[in-house]
Student: 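Sharing a structure with you now.
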2 protein chains.
Amino acid sequence: MDVKPPEAALEEADTLCQRRGVRLTAQRRQVLQILCAARRPLGAYEILEAMRDGSRPLAPPTVYRALDFLLEQGLVHKLESLHAYVGCTHPDHPHFSQFLICADCGLVTELEDEAIAASLKSAASETGFRPRRRVVEVIGTCANCAGKATD
Amino acid sequence: MDVKPPEAALEEADTLCQRRGVRLTAQRRQVLQILCAARRPLGAYEILEAMRDGSRPLAPPTVYRALDFLLEQGLVHKLESLHAYVGCTHPDHPHFSQFLICADCGLVTELEDEAIAASLKSAASETGFRPRRRVVEVIGTCANCAGKATD
DNA sequence: CGTGAAGCGGATAGAGTATAACGTCTTTCA
DNA sequence: TGAAAGACGTTATACTCTATCCGCTTCACG
Ligand SMILES: [Zn+2]
Ligand SMILES: [Zn+2]
Ligand SMILES: [Zn+2]
Ligand SMILES: [Zn+2]
């Protein structure tokens, strides 16, 4: 598996934000760190819970504000079908990605498939539709879980 | 526009449910009727409001149960990005469809595009992923609204 | 320095979405 | 008729997200 360690993702985010002239504050960074460290999508309240180091009391707007920033910067994605968030696996370039979501183990794979992008674009343009945002999520069973089931 | 009148959709639903041996009760039928009559996606609580003929008090589980049934039977679809529901435009055969959602006027177009289906299937199978449910929603501007904007 | 604008974040409240749990009534079918 | 399954009413509650107000920090500008 070529999953980047969370530290690398965070350093990349630092660089990107600096280059863009936006501020990856401690709190935003912490949310990103929590998302990258988790091996699965997290709900806003799960992130909130993880942010509470037993010390501060934190309210929902705190995490939603951080998420808004991270979403705008393309550092995290929202999974609409789960109401949950994941760290982006390749935030260095703007992209629209697709997600394979395992309903059994929670594994999420972020794809950047040209053929899917092209077919969507073509279908939209046929009707004169101008795409802005694209939500592509496939819920099913990952190879690992499928293998176990058929053993 | 070849939009079916709501009555036709309801009669088709009657036939389908009878053939499948499931019960399209008055309440379920009413939810479907409300969705078909609306020219736009409706939230669960909007449906609930429409169901209250000024008489009965109705609670959320009522509409969610009806929606569960209609979703299972493929008579309605859920738009995950809007938390809203629409009547299916061709419920006679099992299908996975894609949605073009106009952010300006709320128009929703249900597509059944072979190329998109094929590219998704191919991308999934490359990783051994077994798809069960597919969420494909493109948010943007419809041809009509785009035309107005550039006038 | 002083000051004002902008951005960030704490805090409270509340809107909107969805489900759990339990009881009752109806339909189905042996 | 009687049992089982399904549909529905009801209450309560969990979960997701936003509005709003206020205070703090930062930083440019005079
Ligand atoms: Zn990404
Ligand atoms: Zn899995
Ligand atoms: Zn459909
Ligand atoms: Zn439009």
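In the text below, chain A, chain B and the rest are named by the order of the sequence lines, each starting its count at 1.
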Student: Taking side chain to side chain donor-acceptor pair (under 3.5 Å) as the definition, give me every residue that meets it alongside A/Thr141, ordered by chain and number, with sequence neighbours left out.
Tutor: none
Student: Under the side chain to side chain donor-acceptor pair (under 3.5 Å) test, which residues partner B/Thr109, sequence neighbours left out?
Tutor: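 In terms of side chain to side chain donor-acceptor pair (under 3.5 Å), with neighbours along the sequence ignored, B/Thr109 is linked to no residue.
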Student: With sequence neighbours excluded, tell me which residues meet salt bridge (Lys or Arg N to Asp or Glu O under 4.0 Å) with B/Arg133.
Tutor: B/Glu80
Student: According to the salt bridge (Lys or Arg N to Asp or Glu O under 4.0 Å) rule, which pairs have a member within residues 17-35 of chain A, sequence neighbours left out?
Tutor: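 Qualifying pairs: A/Asp14-A/Arg29.
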Student: Tell me the interatomic distance from B/Gln30, atom CD, to D/dA7, atom P, rounded to whole angstroms.
Tutor: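 Atom-to-atom, B/Gln30 to D/dA7, this comes out as 17 Å.
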Student: Under 3.5 Å, which N/O atoms of the protein pair with N/O atoms of nucleotides 20-27 of chain D?
Tutor:
none

Student: Taking DNA chain D as the partner, which of residues 40-50 of chain B come within under 4.0 angstrom of it by heavy atom?
Tutor: none
Student: Nearest-Å distance, CD (B/Glu80) to P (D/dC17)?
Tutor: 12 Å
Student: Got more than 12 heavy atoms from elsewhere within 6.0 Å of NZ, A/Lys78?
Tutor: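 For A/Lys78, atom NZ is crowded (more than 12 foreign heavy atoms under 6.0 Å).
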Student: For A/Pro60 and for B/Gln27, find the nucleotide of DNA chain D with the closest heavy atom, then tell me which residue's nucleotide is more 5'.
Tutor: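 By nearest-heavy-atom nucleotide position, the 5'-most residue is B/Gln27.
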Student: How would you list all residue pairs meeting ring pair (Phe, Tyr, Trp, His ring centres under 6.0 Å) that involve residues 96-131 of chain B, not counting sequence neighbours?
Tutor: B/His77-B/Phe99
Student: Can you tell me if B/Thr62 touches the phosphate of D/dG9, counting only side-chain N or O atoms and a distance under 4.0 Å to OP1 or OP2?
Tutor: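 Affirmative; the distance criterion is met.
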Student: Checking contacts here: which listed nucleotide (D/dC17, D/dT11, D/dG9) is nearest the side-chain heavy atoms of A/His83?
Tutor: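 The answer is D/dC17.
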Student: Applying a 4.0 Å non-hydrogen cut-off, can you work out what B/Tyr85 is touching in the nucleic acid: base, sugar-phosphate, or nothing?
Tutor: sugar-phosphate
Student: 5' to 3' on DNA chain C, which nucleotides open and close the contacts with chain A (atom under 4.0 Å from a heavy atom)?
Tutor: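 The footprint of chain A covers C/dC8 to C/dT12.
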Student: Please list, chain by chain and in numerical order, all residues satisfying side chain to side chain donor-acceptor pair (under 3.5 Å) with A/Gln30, sequence neighbours excluded.
Tutor: none
Student: Given atom CD of B/Gln73 and atom C1' of D/dG6, what is their separation to the nearest angstrom?
Tutor: 14 Å
Student: With A/Leu58, which residues qualify under side-chain contact (heavy atoms from CB on, under 4.5 Å), at least two apart?
Tutor: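 If we apply the side-chain contact (heavy atoms from CB on, under 4.5 Å) test to A/Leu58, skipping adjacent residues, the hits are A/Gln27, A/Leu48, A/Met51, A/Arg52, A/Arg56, A/Thr62.
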Student: So, does B/Gln98 use its side chain to make a donor-acceptor pair with the main chain of B/Val136 at under 3.5 Å?
Tutor: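 Judged by distance alone, no pair lies under 3.5 Å.
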Student: Show which side-chain atoms of residues 112-119 of chain B pair as donor or acceptor with protein atoms under 3.5 Å away, not counting sequence neighbours.
Tutor:
unit_1: B/Glu112; atom_1: OE1; unit_2: B/His90; atom_2: NE2; d: 2.7
unit_1: B/Glu112; atom_1: OE1; unit_2: B/His93; atom_2: NE2; d: 3.2
unit_1: B/Glu112; atom_1: OE2; unit_2: B/His93; atom_2: NE2; d: 2.9
unit_1: B/Asp113; atom_1: OD1; unit_2: B/Ala115; atom_2: N; d: 2.9
unit_1: B/Asp113; atom_1: OD1; unit_2: B/Ile116; atom_2: N; d: 2.9
unit_1: B/Ser119; atom_1: OG; unit_2: A/Ser119; atom_2: OG; d: 3.2
unit_1: B/Ser119; atom_1: OG; unit_2: B/Ala115; atom_2: O; d: 3.2
unit_1: B/Ser119; atom_1: OG; unit_2: B/Ile116; atom_2: O; d: 2.9

Student: With B/Arg40, which residues qualify under side chain to side chain donor-acceptor pair (under 3.5 Å), at least two apart?
Tutor: B/Glu46
Student: Report the distance from atom CZ of B/Arg28 to atom C1' of D/dA7, rounded to the nearest whole Å.
Tutor: 6 Å
